[in-house]
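Here is the structure we will look at.
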There are 4 protein chains.
Amino acid sequence: MSAGLKGIRVAVIGGDDRELYLIAELQKLGAYIVGVGFEKAAVPGVHIASLKEAVTQVDVLIFPMYGTDERGVIKAKYTDSQIMLNKEILQAIPAHVPLFIGWARPALKSAAEMMGIRIVETANMNETAILNSIPSAEGAIQMAMENTVITIHNSESFVLGLGRCGWTIARMLQGIGARVTGVARKGTDLARATEMGFRAVHFSDLEDEIGRAEIIFNTVPSLILDRVMLERVARDAVIIDLASIPGGVDYEYAQMLGIKALLAPGLPGIVAPKTAGKILAHVYPQLILRHLTTVKPSMES
Amino acid sequence: MSAGLKGIRVAVIGGDDRELYLIAELQKLGAYIVGVGFEKAAVPGVHIASLKEAVTQVDVLIFPMYGTDERGVIKAKYTDSQIMLNKEILQAIPAHVPLFIGWARPALKSAAEMMGIRIVETANMNETAILNSIPSAEGAIQMAMENTVITIHNSESFVLGLGRCGWTIARMLQGIGARVTGVARKGTDLARATEMGFRAVHFSDLEDEIGRAEIIFNTVPSLILDRVMLERVARDAVIIDLASIPGGVDYEYAQMLGIKALLAPGLPGIVAPKTAGKILAHVYPQLILRHLTTVKPSMES
Amino acid sequence: MSAGLKGIRVAVIGGDDRELYLIAELQKLGAYIVGVGFEKAAVPGVHIASLKEAVTQVDVLIFPMYGTDERGVIKAKYTDSQIMLNKEILQAIPAHVPLFIGWARPALKSAAEMMGIRIVETANMNETAILNSIPSAEGAIQMAMENTVITIHNSESFVLGLGRCGWTIARMLQGIGARVTGVARKGTDLARATEMGFRAVHFSDLEDEIGRAEIIFNTVPSLILDRVMLERVARDAVIIDLASIPGGVDYEYAQMLGIKALLAPGLPGIVAPKTAGKILAHVYPQLILRHLTTVKPSMES
Amino acid sequence: MSAGLKGIRVAVIGGDDRELYLIAELQKLGAYIVGVGFEKAAVPGVHIASLKEAVTQVDVLIFPMYGTDERGVIKAKYTDSQIMLNKEILQAIPAHVPLFIGWARPALKSAAEMMGIRIVETANMNETAILNSIPSAEGAIQMAMENTVITIHNSESFVLGLGRCGWTIARMLQGIGARVTGVARKGTDLARATEMGFRAVHFSDLEDEIGRAEIIFNTVPSLILDRVMLERVARDAVIIDLASIPGGVDYEYAQMLGIKALLAPGLPGIVAPKTAGKILAHVYPQLILRHLTTVKPSMES
């Protein structure tokens, strides 16, 4: 936990409020921060630089959680300039410098591989994903509260998929007082659901069970709630879909049936930026130390 | 629970969606419903009447939760006409007919008393109030989710006042994963808070403790969060005030300090009308039977 | 909490391991302790005295939780001598010195009243009783674990009476994973039970419901589980009775039916003496300060 | 769930009360039961046979959870005869008949492999193990209640190892009201522990943290609590060791230090035989169907 980062130079590139919490935490651990895209934020002790400058000055590069768009542009809340991760930049990155990024597009990954750059995708790591499931789950529950005429308490709430996010939602719903049904495929997950006090239902029985649901949280990234399934869903049920776009619901058909179905963007950085920032600040120091096998502490910092 | 209302004539007067659930439930128990202010709702089996007609035809009168305004006007979602509870109407109410109403204004109470009309205020009854605390608490937690940059999970959440609503909020916050501090005055409440796993703090120690709070839920209907107390509150804390207007916060001073303070209307009928309707449907049948000591079942229904 | 007892002389008379924790805590707060019946315990800083000597030397007298027997004898684990609270001792107690005792027998109370001695019964105080309900509830649950062929988890567990102890048992059972039914008479308790996620059953419906119970915890000190009720109880159900002797079960009839029924002595001092001692140490300092309206801090201590 | 076993012949061989529940459940699903070692139990509809007879008459063989002893003897509560799984019996088992057994000794496994017999070990399957963790966890908590002078509530309880049993213990302890620390090695487990409200500690930090523990539950089957670690444990802490023999504690050294350390046999069949039987009855029907790829429903049953 007291992972000392003394003498390590870290570039934090773009992002939003989360990165401000991250920067502060890295500084506390002794890191020297080069900031790219923070002109409009008052972050004391940060050396502001362009991306091109930064990549040659540091031991570690941290890009934001949501990565780049298809052109390589990096979202950066605290700058008016455009930051772009292009071929030129990639070529300038020294071989030993790891590049941390939430999600990397396939093009970026293949380019990096060809150039021998170590890309570390962090959003999908178990630890990050489980911790980020907390703000995501709260965001989903908040949406359910806003969009139902019933309380979560005593509701028949279904959680489809008991993975990193599903467990968190299920536990919180139970904590509020819902009657929770956990739907999964693996015997091990169904057994754990039973132990935790959820009604455990196998996906193969979902069609027979879904009719009793008042609120449905889907976490499975495939078309679970298709036409056949939606036919069985109560017309006044509300569906909160946490699966990544295009989601797990036949939205058109749901609308036709009059079933309210909502895609939860589930972005931790929007729901609870401070908590999401603390999660980064918890995960990154360990990650940096683990990937800096050949750290050359810079003397000038 | 199987409280038979066979042959009992009940007038349901005004209100909102909650009353629709209530009507359906009373009908299931065998009651004959006279509806006042439901022209625009399709409620099968209900005899639509004016208030004047209704009061002479029934055994029981049910007015809405939020009662009347200062002129005696009754809110009614499903009519365009104005319904007014005035002296003329009161005089027409037979002596044996109980008048149920959520909150009764002092003027109404004294008028009723002079005329010998039995008024039963239902909103403040323990059973109703505790059940209604569920949607109120969820509404308050939803507000906190919407207005904080942190998650409820792992937050330092304070609940001021452990009464009918305070316990519900505290338990739900804990269920989500917050670190809950319950603030009360009575040793019995502090002991129970300890048993339930909350940090128990006496109001006399609040000034020393409030500084650690990240989210504050106030349920005490007096100026708890005055200037002196607000000075101790963290500037980025969020206050959700559930006390009835004017509330328990010095809002002006909070704004001056830059502390976000919000008055939670906490109306169960808005947060979760269906659940709130079911609560009425749970409470009223028992209440009707208890107050109809001299029921004269009408033969014509 | 930081209730300073500097200069206050307290006699702790008899008791068991709990009193050792109490003594240590009172000393930490600055009290000067006179110990009666602690010859065999090594308690540093305690002035050992006879009861007769003690009563004239102190500001406060603390007798054990379970009081005296019918002859006035006080249980004392750490002495071989007999300590007796008789008329002679009572007459020696100065008027301003409060006498704290868990339970006082009627004879003691009337004698004290005649002599103008302030007796404060502590076992039945809400705060003490709620905190003591924690070890009692754990003791009862332990008994249920030892005496059933099923797990608490997923069992149909009934808690009869939702009072100071009933709530604690119900909440713990739920925490382990039982399906909990709370049985009470007051609408306010039934509503709270619903809020907390228990199935709420009115005592008037118990006869119809008791048949589904697998484990029954009784906290009501009257004959709830009489012949008629026992006839409805499943033969393989287990009854844990926390009501004070003679308890709330027709034990003979239960035995005849082959139903296992056990009286839980529920003595916190036996189940968890250290916790029970900490509870005393939590409750007494406040109590002492509240009752020492005219404290005369002794200079010689 | 409605896994029909119509026409399938199952031999249930030895075991204890759990097997009685299992037999009844298999019969409900339509199976024809051949019972070996049930002479002293009154189990209606069961064809009693010797093991030698049974193996040639059935489609499936079910041996008990704890398997055989080193000589091949099978524990059987309801017979006075000795049942032995020896070479002769193994040779008589037809090739298509699966042999279910809780734990199989290495010798049995290698013999079976040579003879082409399909052995399915069930005790260690995730689903069985997680469900069995429920009675095991309750047994461990019961031991802690019996052997501590404090309550579980508010105790500093450590769970070493967050696996199939560890999660169950941790959640139950939390449900009772303990302050739970979960100790694990994987980031994913530590993140989940945080989400569930436990204090998450990495095994590499255990030495610094163990000193605060009042109750320690070990589930790791290796010598975690060795001399070095025990030195840091509080002398009045209690250790409940759920690891299989020889367990995870240096018992001799613990005794020398005066630390109470207990090996929890953790046998679900002893703690809660009925629940353990229901677990078998839940797991086996699915297992049978999955392994009977070439079921030849017998006409004669």
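Quick caveat, the model's predicted, so the values are computed rather than measured. Within every chain, numbering begins at 1; the chains are lettered A, B, ... in the order of the sequence lines, protein sequences first and strands thereafter.
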Spatial distance of atom [atom1] ([X]) from atom [atom2] ([Y]) [nearest 0.5 Å]:
X: D/Gln142; Y: C/Thr151; atom1: CD; atom2: OG1; answer: 12.0 Å
X: C/Lys274; Y: D/Thr148; atom1: NZ; atom2: OG1; answer: 10.0 Å
X: D/Asn154; Y: C/Ile134; atom1: CG; atom2: CD1; answer: 7.5 Å

Margin query: For a quick test of reading the model, state the closest non-hydrogen atom pair linking C/Ile141 to D/Met145 and the distance between them.
Written below: CG2-CE, 4.3 Å
Next item on the list: Please report the closest heavy-atom contact between D/Arg171 and C/Ile176, naming both atoms and the distance.
Entry: NH2-O, 3.1 Å
Margin query: Apply side chain to side chain contact (heavy atoms under 4.5 Å, CB included) to residues C/His153 and D/Thr275 and explain how you reach the verdict.
Written below: CA-CA 9 Å; C/His153 183 275; D/Thr275 298; over 6 Å; no
Next item on the list: Identify which part of D/Asp17 has an atom lying under 4.5 Å from any heavy atom of chain C, answering side chain, backbone, both or neither.
Entry: neither
Margin query: Taking side chain as everything from C-beta outward and backbone as N, CA, C, O, which of these in D/Glu146 sits under 4.5 Å from a heavy atom of chain C? Side chain, backbone, both or neither.
Written below: both
Checklist line | Heavy-atom neighbours of C/Glu231 CD exceed 12 at 6.0 Å | finding: yes
Next item on the list: Would you mind telling me which of D/Ile270, D/Leu173, D/Val149 has the largest number of heavy-atom pairs within less than 4.5 Å of chain C?
Entry: D/Val149
